[in-house]
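The figures here come from the full heavy-atom set of this structure, side chains too, leaving out hydrogens, waters and symmetry mates. Lettering of chains follows the sequences in order, A, B, ..., and the numbering in each one begins at 1.
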Amino acid sequence: MSTLLELSGVSVSFDGFKAINNLAFQIGEPEMRAIIGPNGAGKTTFMDIITGKTKPDEGRVLWGEKSINLIGKSESQIAREGIGRKFQKPTVFEDQTVRENLAMALKNPRGPFEVLFYRKSADGALRIEALAAEINLTEQLLRKAGELSHGQKQWLEIGMLLAQDPRLLLVDEPAAGMTPAEREKTTEILVEAAKTRAVVVVEHDMEFVRRLNCKVTVLHEGSVLAEGSIDHVTQNPEVIDVYLGR
Amino acid sequence: MRKSFFADNPSVLWFLACLGLFTLGVTVLAEATGAGLISTSFVKTLGKVLCLCLVAVAMDVVWGYCGILSLGHFAFFGIGGYAVGMWLMYARTEAIVIQSLAERTIPPTATELNDAIATQIFGVVGASEFPLIWAFSHSLILQLMMVVLVPGLLALIFGWLAFRSRVTGVYLSILTQAMTLALALYLFQNDSGLRGNNGLSGLQNIPGFEAVPQSVISMGFFWASALALGLGYVLFARVLTGKMGSVIRAIRDDEARVRFLGYHVESYKLFVFTLTAIVAGIAGALYYPQAGIINPAEIAPIASIYLAVWVAIGGRGRLYGAVIGTAFVSLLSSWFTGGGAPNINLGFYTIQWTEWWLVLLGTSFVAVTLFFPGGIGMIFDKLKKGTS
Ligand SMILES: Nc1ncnc2c1ncn2[C@@H]1O[C@H](COP(=O)(O)OP(=O)(O)OP(=O)(O)O)[C@@H](O)[C@H]1O
Ligand SMILES: [Mg+2]
């Protein structure tokens, strides 16, 4: 397992409020990592920084074998480097079909002219079928994404994430609003993905995190409070304090 | 691929069939080519409406599909008109000047000729020399290239600056409107090189075709306009099918999300903005020879706002909606403002449509926006749903 992404000394503040404070973080490939932390701990902001949505005030975000600095690159460049993201609030293109949503995400050249003259290939169709099967949406391929249930939208977004074939998946609260059966399925998909890629899952639900069965990073006030197995961190008095003390 | 494109887009074939039938009908009824039931001036009106439909389709692509409410596309339309108008005016004036100098025993030198043409064209603004921008006006080919290049380059530069700094929504609309206003105000000046508020006139007289009656020329432009609309429609339908269309609509709905999928949103916007500007320029180049005159008032921001109104009433996000809305509103408008509609006498007040038409249009626009966001095109969607 080699290091894929490394953050060091990253800080960002919004109007004087330090959302991320001298944060250090590392993940290898392949690896599954869960991030937990109370509301406002900076989990989403952490993903915003990696994906180029938010520019940090200081620090470094290094990526890949060549340790390229991601800071200063645009969102689309970072995505093309191989970082995919699922948002906390499911965001799929509601006006388009499930198939169109997946096709757009499929790993292919992204330039306007390449897309304009893109020809549907049997390969791509097969890939979409396979993805749809994986996220339980085979029957829904021709339906508009807006007609899906909340859980199905979450899956579609995970499917779009996998379609990009990224090296690093950032998944923000994938199980929110899901039924227990749906959660189980989601766990399976993520565990499967983590066999070949780096996967970072942000989640509040401890049961869900426990089932991922991976190293856990606890974020608090913008920095790492504890790191280790789920049992290790939940016994940490500081963590207990943060979660239960207030 | 052609085959599958039309198979995937039956509505394009329907549109082309309707356009073909309409063109045939007008041809059969027109003065020059048929029964003479349609006057030459009405043929011109219809030809102009086809050009307006074309620029409206472009507007629908940029606004209805890509989500950029541009209030500048009529400026591109006007630039196309000016570009072709310069050649029309130059070539015709040249012919007149040569004729008037023909009686002289000593043939005029090239400079004399040039000065005479310049005085003839720019006398109204007190100038007697060709401004720099008229450098290519002697050449039809070069001016036709300007029809494409000037709107294209202007859109490319403007779009690059605006999209790069991520100006979106209402701010972008205001910026495009400011560009349009600046252009119109510039052209209003006498030393703009384009005859200030006089604009370019006599454009209906096509050099080389002096002997051909207007009834025939108008048919030629009518057919050319129909062809341009047909081709433009197919071009945009092609751009909007498949993955490209998917990405363009996705940008309209959530451009930030599209970025995280790895697409460089700005390039796509720039592509759409520039392509539609070029088509708008071509539409303008066909429109103004039929109108006969172009002046800076045509480019004023209000024209671009009308364009948005037509598209909204027709139903944005549907190419045929833009055509229907434009044809419907602009024909109705010429009926009302041309005194076709009978005034309504309420006893205490008489509603004169020449004045009240704009109020009616404005009210309809508000009503459509509030109650029928799908516009007239909605009816066709319902029909389509009903049959499938
Ligand atoms: N764009 C912004 N402008 C101002 N403050 C922000 C911005 N983004 C985040 N914050 C603040 O930064 C802090 C961290 O927010 P963040 O969304 O990263 O928390 P989180 O750990 O994802 O919380 P949750 O569990 O509720 O999703 C919060 O206090 C939030 O209000
Ligand atoms: Mg969050």
Side-chain angles (χ1 to χ4, degrees), chain A residues 47-48 50-54 73-87 89-121 124 128 144-146 157 160-161 163-166 169-170 172, chain B residues 1-5 7-8 61-62 64-67 156 159-160 163-166 235-276 316-318 373-374 381 385 388:
Chain A
M47 292 193 169
D48 287 346
I50 298 173
T51 53
K53 189 180 178 195
T54 300
K73 287 194 188 284
S74 72
E75 296 98 314
S76 59
Q77 270 175 322
I78 292 173
R80 286 196 300 271
E81 286 286 342
I83 298 181
R85 173 169 190 187
K86 191 200 113 23
F87 288 81
K89 178 174 158 282
T91 40
V92 294
F93 299 103
E94 311 228 330
D95 204 31
Q96 305 199 32
T97 63
V98 171
R99 179 185 287 279
E100 284 173 315
N101 269 282
L102 288 171
M104 232 186 300
L106 220 50
K107 186 172 188 175
N108 274 314
R110 295 293 204 230
F113 293 99
E114 290 152 321
V115 169
L116 182 60
F117 297 110
Y118 171 79
R119 282 153 156 254
K120 282 184 191 147
S121 65
I128 290 177
K144 290 240 165 107
E157 209 181 350
M160 288 165 74
L161 196 57
Q164 292 174 68
D165 195 15
L169 284 77
L170 301 171
D172 205 348
Chain B
M1 196 214 87
R2 288 285 97 182
K3 213 168 116 199
S4 76
F5 165 66
D8 287 347
V61 173
V62 81
Y65 286 86
C66 198
L156 197 67
W160 187 72
F163 301 143
R164 194 180 59 123
S165 38
R166 300 217 177 152
L235 170 75
F236 286 129
R238 168 64 186 83
V239 167
L240 293 170
T241 42
K243 201 154 156 179
M244 187 71 176
S246 220
V247 174
I248 290 172
R249 280 175 291 140
I251 289 173
R252 170 194 66 194
D253 293 338
D254 190 347
E255 66 172 70
R257 184 71 182 89
V258 179
R259 286 198 185 98
F260 291 112
L261 285 177
Y263 292 95
H264 191 249
V265 167
E266 291 69 36
S267 306
Y268 284 81
K269 286 187 176 178
L270 203 52
F271 172 81
V272 171
F273 194 69
T274 307
L275 183 68
T276 53
R316 68 196 164 105
R318 301 165 185 77
D381 287 8
K385 241 184 211 144
S388 69

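- No side-chain heavy atom of A:S74 sits less than 4.5 Å from a side-chain heavy atom of B:R259.
- Proximity to chain A involves both the backbone and the side chain of B:D254, based on heavy atoms less than 4.5 angstrom apart.
- A:A103 touches chain B through its backbone: at least one of N, CA, C or O sits under 4.5 Å from a heavy atom, while the side chain does not.
- Contact annotation for A:F117: both backbone and side-chain heavy atoms come within less than 4.5 Å of a heavy atom of chain B.
- Distance CE/B:M244 to CD/A:E114: 11.0 Å, rounded to 0.5 Å.
- Side-chain contact between A:M160 and B:L261 is present, with heavy atoms from C-beta onward closer than 4.5 Å.
- Residue A:E100 touches chain B through both its backbone and its side chain, counting heavy-atom pairs closer than 4.5 Å.
- Interface summary for chain B: among A:G52, A:G111, A:A163, A:G84, the most heavy-atom pairs under 4.5 angstrom belong to A:G111.
- Here the shortest heavy-atom pairing between B:S246 and A:Q96 reads OG-OE1, 2.5 Å.
- Here A:E157 pairs with A:K86, B:R257 under the salt bridge (charged side-chain N to carboxylate O under 4.0 Å, His left out) rule; sequence neighbours left out.
- Between A:L116 atom CG and B:F271 atom CZ the span is 5.0 Å, to the nearest 0.5 Å.
- In this structure a side-chain-to-backbone donor-acceptor pair under 3.5 Å is missing from A:E75 to B:A256.
- Of all heavy-atom pairs spanning B:F260 and A:A79, the tightest one is O-CB, 3.3 Å.
- Contact of B:Y263 with chain A is made through backbone and side chain together, with heavy-atom distances under 4.5 Å.
- At a 4.5 Å heavy-atom cutoff, B:V272 makes no contact with chain A through either its backbone or its side chain.
- In this structure, CG in A:L106 is found 6.0 Å from NZ in B:K243, a value given to the nearest 0.5 Å.
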